[in-house]
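I'd like to ask you about the structure that follows.
Values below: every heavy atom of this structure, side chains too, minus hydrogens, waters and symmetry copies.
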Amino acid sequence: MAEETKASNFIRNIIDADLAANKFAGRRWSGQPGPAEQHKVSPGDTPKIRTRFPPEPNGYLHYGHAKSICLNFGLALDYEGVCHLRFDDTNPEKEEQEYVDSIVDAVKWLGFDWGPNLYYASNYFDWMYQFAEYLIESGNAYVDSQSADEMRASRGTLTEAGKASPYRNRPVAENLDLFRRMKAGEFADGAHVLRAKIDMTSGNINLRDPAIYRIKRATHHNTGDKWCLYPMYTYAHPIEDALENITHSICTLEFEDQRPFYDWLLEKLAQGGLLQRPLPQQIEFARLNLSYVVLSKRKLIQLVEEKHVDGWDDPRMPTLVGARRRGFTPEGFRRFAEMIGVAKADSWIDMSILEACMRDHLNETAERRIAVLDPIKLVIDNYPEEDEELCEAPNHPQHPELGKRPIPFSKELWIEREDFTENPPKGYFRLFPGNTVRLRYGYVIKCEGCTKDEAGNIKSVHCIYLPATRSGTPGADSVKVKGNIHWVSAKHSYAAEVRLYDRLFKVENPGSGGSDFIADLNPDSKRVITAQLEPALRDALAEERFQFERHGYFVADRVDSKPGTPVFNRAVTLKDSWAAKS
RNA sequence: UGGGGCUUCGCCAAGCUGGUUAAGGCACUGGAUUUUGAUUCCAGCAUACCCAGGUUCGAAUCCUGGAGCCCCAGCCA
């Protein structure tokens, strides 16, 4: 593949400048995350940059995470760096091993590799604790014994400064004693909290003595019951980055206000000789907003719990497990991330962009097959009853090397109901009485009419075929036709379950204007049908993706398919300029 | 006068150390190829950069003022 020049963005500009200034030249790396002391005698850190994807294992990854994953891992790849996968597991009440596993799977599925750099914030608890003691000793932290309510009240408001806690000037020795006893489990949850001592009058509320440690008796998925004291994200995250030698700590915009604290903390710790310089820098970018879907964790949970979808991996869910079942591809997501870019302006990406990226990749890679989704019988009146023959269909029109496969042809076929009409609208060039059309990879046929039941519903379409026009023979092009429709032989095709998925919501911005987003669900987001498929499809392997010609891209469902009877999910339709016009 | 951030084509988004015809992609519109109304190809698509002033020979880029939108008052992340 040709060398692509990556689109410039503000993060790449920062990295370019850092690299040009040789900012990271002095860093050491002991092979494992650790404080300054540990890295001190080690060799230089070879990767040019270190980024990280730091999910909290408290839910399933969604499309928004895909943007962040592609960004962090992609940057590492481009700059000969590495990207760590780090679980930010500082709140035992919300986190579970199940989520850790699913996150590992999802990032792997997207095609990224963290090598040996799989880490857990919870493995740094000892260091974090020591650093907290240092902060206390250096007069930068204190134990506050106010209740949560009192703390909230004294924090002030957006426009009024906060007031100092009565415990703010506790002597160092007392703070240290209290903090150690907090760790030892002498106090009830919520009795005390450790706070950074910064500025209660700051315009930035995050600097009004943020809480950095709370007492919480909960079993942690990784550390078990070792701790009853857990660090807050605010405190933990910068330290995690520093211990891991992260050069660029990329996060979303809502953490922008947190950056002054991030820098304050790391600077204090570095001054105390605890952390190696240069310190990591936090860079914020705009999170993904996608139309026709919701990405907030709360809403996703609601969809699952209220059973509006069939679980977290429902193909309609904007989760990565859902996308996988849907038939979306990792390459499609990476293309998407590349296409939407990264910037600081809040933006809304239309779902059609993601769909287009999936089509792009699927078009290149998916083999073609024939499926009649809404079958109606087509009878070829002048074709002998007992005859049958094999037609050949290429597996991919742009890739002849993928070979061909035989498709049985006979007197009675299934065609799409919408490929025939008695009263063609202007511009319609499929089947209607008197019109000729090609049966793809077969013969040209001339439509004679149709038969109906008593109610007037069309039962079968009748036609005659032109024997000399068989595809692949010299006479194939002797009759020019505009229309080209697909078909399967009724005698040889088989009925199979196919799920037609569509967008989960019927409006661009579900729940906008204060309405209930549930009311905006698309009632037709899932249709289960029985389709007539060409014989070759029986052999489809779970997760194998195909283009059903003239329909779209489908995947053999990875959970419901059984050997010999795959169930197909529609990932996305083909672009349809005829439907768009009419 | 609480703090922080953002504003370039319908949607993203380069550019921001002042001088380019204001990149590129998607969408859209033409046209060519095509046994998928698909794909591919080729062409078109901002005298205009939130607004108003100013500096300058010259401003999307610098200055001043204004408008709009987003985020922050968890012992969540």
Ring geometry between A:F546 and A:F548 (parallel below 30°, tilted from 30 to 60°, perpendicular above 60°):
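If you compare the ring of A:F548 with that of A:F546, the planes turn out parallel.
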Rounded to whole angstroms, how far apart are CD on A:E338 and P on B:rC26?
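Between P of B:rC26 and CD of A:E338: 13 Å.
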Rounded distance in Å between the C1' positions of B:rA46 and B:rC9
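It comes out at 5 Å once rounded to the nearest Å.
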Given the C1' atoms of B:rA13 and B:rC49, what is the spacing between them in whole Å?
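So the two C1' atoms sit 13 Å from each other.
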Nearest-neighbour nucleotide for the A:D257 side chain, B:rA73, B:rU36, B:rC72 considered
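Side chain of A:D257 sits closest to B:rC72.
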Main chain of A:H192, side chain of A:S145: is a donor-acceptor contact present, judged purely on distance under 3.5 Å?
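No; zero donor-acceptor contacts below 3.5 Å.
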Does the plane of the ring in A:Y129 sit parallel, tilted or perpendicular to the ring in A:W227? Use 30° and 60° as the thresholds.
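Taking A:W227 first and then A:Y129, their aromatic rings sit tilted (interplane angle of 30° to 60°).
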Between the base of B:rA77 and the side chain of A:Q258, is there a donor-acceptor distance below 3.5 Å?
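Under the 3.5 Å cut-off, the side chain and the base do form a donor-acceptor pair.
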Do the side-chain N or O atoms of A:R214 get closer than 4.0 angstrom to the phosphate oxygens (OP1, OP2) of B:rA77?
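Yes.
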Using a 4.0 Å heavy-atom cut-off across all strands, classify A:E418 as base, sugar-phosphate, or nothing.
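The residue A:E418 makes no contact with any strand.
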If you find the nucleotide of RNA chain B closest to A:D350 and the one closest to A:S145, which residue's nucleotide is nearer the 5' end?
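Per heavy-atom nearest nucleotide, the more 5' residue is A:D350.
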Just to be sure I understand the rule, does A:Y428 reach a base, reach only the sugar-phosphate, or reach nothing, if contact means heavy atoms closer than 4.0 Å?
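If one applies the 4.0 Å heavy-atom cut-off, A:Y428 turns out to touch a base.
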Pick base, sugar-phosphate or nothing for A:F429, based on heavy-atom distances below 4.0 Å to the nucleic acid.
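Base, at least one base atom sits under 4.0 Å.
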Partner of B:rC50 by Watson-Crick or G-U wobble geometry, both contacts under 3.5 Å, or none?
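WC or wobble partner is B:rG66.
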Measure from the side-chain heavy atoms of A:N484 and tell me the nearest of B:rG37, B:rA77, B:rC12.
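Of the candidates, B:rG37 comes closest.
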Quick one: is A:S8 getting a side-chain N or O under 4.0 Å of the B:rA13 phosphate, OP1 or OP2?
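No, because none of the side-chain N or O atoms of A:S8 sits under 4.0 Å from OP1 or OP2 of B:rA13.
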For A:L362 and B:rU39, give me the distance from atom CG to atom P, rounded to whole Å.
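Atom-to-atom, A:L362 to B:rU39, this comes out as 13 Å.
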Conformer about C1'-N of B:rG74 - syn within 90° of 0, anti elsewhere:
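It is syn.
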Whole-Å gap separating C1' (B:rU36) and CD (A:E416)
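Checked: the CD to C1' distance equals 12 Å.
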Could you tell me whether A:R287 atom CZ has more than 12 heavy atoms of other residues or ligands within 6.0 Å of it?
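Incorrect, the count does not exceed 12.
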Is A:P397 touching bases, backbone alone, or none of the nucleic acid, heavy atoms closer than 4.0 Å?
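The residue A:P397 makes base contact.
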Could you tell me how the ring of A:Y230 sits relative to the ring of A:F125: parallel (under 30°), tilted (30 to 60°) or perpendicular (over 60°)?
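Perpendicular, since the angle between the ring planes exceeds 60°.
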Would you say A:T90 places a side-chain N or O within less than 4.0 Å of OP1 or OP2 belonging to B:rC76?
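No, no such contact exists.
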Whole angstrom value for the distance that separates P of B:rC76 from CD1 of A:I301:
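Rounded to whole Å, this separation is 16 Å.
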Base, sugar-phosphate alone, or nothing: which one does A:V481 contact when heavy atoms must sit under 4.0 Å apart?
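It contacts nothing in the nucleic acid.
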Which part of the nucleic acid, if any, lies within reach of A:A345 when heavy atoms closer than 4.0 Å are counted: base, sugar-phosphate only, or nothing?
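Result for A:A345 = sugar-phosphate.
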Counting just side-chain N and O atoms, does A:R359 come under 4.0 Å of either OP1 or OP2 of B:rA27?
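The answer is no; no side-chain N or O of A:R359 sits under 4.0 Å from OP1 or OP2.
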Using both distances under 3.5 Å as the test, list the Watson-Crick or G-U wobble partner of B:rG37, or none.
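Looking at the geometry, B:rG37 pairs with no nucleotide.
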Which base, if any, makes a Watson-Crick or G-U wobble pair with B:rG2, both distances under 3.5 Å?
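The answer is B:rC72, by the H-bond criterion.
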Hey, does the side chain of A:K575 come within less than 4.0 Å of B:rU39's phosphate (OP1/OP2), counting only N and O?
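For A:K575, the contact criterion (side-chain N or O under 4.0 Å from OP1 or OP2 of B:rU39) is met.
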When you compare B:rA48 with B:rA67, how far apart are their P atoms, in angstrom units rounded to a whole number?
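Pairwise P distance, B:rA48 against B:rA67, rounds to 25 Å.
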Identify whether any heavy atom of A:G59 sits under 4.0 Å from a base atom; if not, whether one sits that close to sugar-phosphate; answer base, sugar-phosphate or nothing.
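The residue A:G59 makes no contact with any strand.
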Per the atom types in the model, does the base of B:rG74 pair as donor or acceptor with the side chain of A:R152 at under 3.5 Å?
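Result: no qualifying N/O pair found.
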Given B:rC26, B:rU36, B:rA77, which nucleotide is nearest the side-chain atoms of A:M339?
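Minimum distance to the A:M339 side chain belongs to B:rC26.
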Gap in Å between the two C1' atoms, one belonging to B:rA60 and one to B:rC16, rounded
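Here B:rA60 and B:rC16 have their C1' atoms 8 Å from each other.
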In whole angstrom, give the distance that lies between atom CG of A:N395 and atom P of B:rU36.
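It is 16 Å, rounded to the nearest whole Å.
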Counting any heavy atom closer than 4.0 Å, what does A:E256 reach on the DNA or RNA strands: base, sugar-phosphate only, or nothing?
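Here A:E256 touches the backbone only, sparing every base.
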Answer yes or no: is there a donor N or O on one side and an acceptor on the other, between the side chain of A:E95 and the main chain of A:N58, under 3.5 Å?
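Flag not set: sc A:E95 to bb A:N58 has no pair under 3.5 Å.
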For B:rC12 and B:rG54, measure between their C1' atoms and round to the nearest Å.
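Looking at atom C1' only, B:rC12 and B:rG54 are 33 Å apart.
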For nucleotides B:rG74 and B:rU64, find the distance between their C1' atoms and express it as a whole number of Å.
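Rounded to whole Å, the distance is 40 Å.
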Does the B:rU40 base have a donor-acceptor partner in the side chain of A:Q398 within less than 3.5 Å?
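Per atom types, no contact qualifies.
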Does B:rU21 have a Watson-Crick or wobble partner in any strand here, with both distances under 3.5 angstrom, and which is it?
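With both distances under 3.5 Å required, B:rU21 matches none.
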B:rC42 and B:rG58, which share atom name C1', separated by this distance in whole Å
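After rounding to an integer number of Å, I get 37 Å for this pair.
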Indicate, with a heavy-atom threshold strictly under 4.0 Å, whether A:L253 touches base, sugar-phosphate, or nothing.
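Nothing, no nucleic acid heavy atom in range.
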Return yes if the base of B:rU36 and the side-chain atoms of A:R368 contain a donor-acceptor N/O pair under 3.5 Å, otherwise no.
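Indeed there is one.
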Give one of base, sugar-phosphate or nothing for A:R259, where a contact means two heavy atoms less than 4.0 Å apart.
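No contact.
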With under 30° as parallel and over 60° as perpendicular, where do the rings of A:F328 and A:Y63 fit, or are they tilted in between?
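A:F328 and A:Y63: tilted rings.
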Any chance NZ of A:K299 has more than 12 other-residue heavy atoms, nucleotides or ligands included, within less than 6.0 Å?
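Counting other residues, nucleotides and ligands, NZ of A:K299 exceeds 12 neighbours.
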Exceeds 12 heavy-atom contacts within 6.0 angstrom, atom NZ of A:K297
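Yes, NZ of A:K297 has more than 12 neighbouring heavy atoms, counting only those of other groups under 6.0 Å.
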OP1 or OP2 of B:rC16 sitting under 4.0 Å from any side-chain N/O of A:N13?
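No, A:N13 has no side-chain N/O under 4.0 Å of OP1/OP2 on B:rC16.
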Can A:Y233 be called stacked on B:rA77 when the rule is centres closer than 5.5 Å and an angle between planes below 30°?
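Per 5.5 Å and 30° rule: no stacking.
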Roughly, in whole Å, what's the span from CZ in A:R12 to P in B:rA13?
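So the CZ-P distance, A:R12 to B:rA13, works out to 16 Å.
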Look at all strands and tell whether A:Q547 reaches a base, only sugar-phosphate, or nothing, counting heavy atoms closer than 4.0 Å.
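Touches a base.
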Determine the interplanar angle of the A:F409 and A:Y465 rings, folded into 0 to 90°, and report it as parallel if under 30°, tilted if 30 to 60°, perpendicular if over 60°.
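If you compare the ring of A:F409 with that of A:Y465, the planes turn out tilted.
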With a non-hydrogen cut-off below 4.0 angstrom, is A:S577 in contact with a base, only sugar-phosphate, or nothing?
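Result for A:S577 = sugar-phosphate.
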With a cut-off of less than 4.0 Å, is there a side-chain N or O of A:R155 near OP1 or OP2 of B:rG74?
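Yes, such a contact exists.
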Pairwise C1' distance for B:rU17 and B:rA38, with rounding to whole Å:
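Result for the C1' pair: 48 Å, nearest Å.
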Measuring to OP1 and OP2 of B:rG37, would you say a side-chain N or O of A:R550 lies under 4.0 angstrom away?
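A:R550 to B:rG37 OP1/OP2: side-chain N or O found under 4.0 Å.
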Classify the nucleic acid contact of A:D144 as base, sugar-phosphate or nothing, counting any heavy atom under 4.0 Å across all strands shown.
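Nothing, no nucleic acid heavy atom in range.
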Output the rounded distance in Å from NZ (A:K482) to P (B:rU34).
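Atom NZ in A:K482 sits about 13 Å away from atom P in B:rU34.
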Per the atom types in the model, does the base of B:rG4 pair as donor or acceptor with the side chain of A:N204 at under 3.5 Å?
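Check fails, no donor-acceptor contact within cut-off.
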Mind checking A:L158 for me? I need base, sugar-phosphate or nothing, with any heavy atom below 4.0 Å counting as a touch.
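Since a base atom lies under 4.0 Å of A:L158, the category is base.
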Is A:R208 reaching over with its side chain to a backbone N or O of A:R155, donor-acceptor style, under 3.5 angstrom?
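Judged by distance alone, yes, a pair lies under 3.5 Å.
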Going by purine N1 to pyrimidine N3 plus the second Watson-Crick contact, or the G-U wobble pair, all under 3.5 Å, which nucleotide sits opposite B:rA13?
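When the pairing criteria are applied, nothing turns out to pair with B:rA13, so the answer is none.
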For RNA chain B, whose closest nucleotide is more 5', that of A:K344 or that of A:G442?
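Nearer the 5' end of the strand: A:K344.
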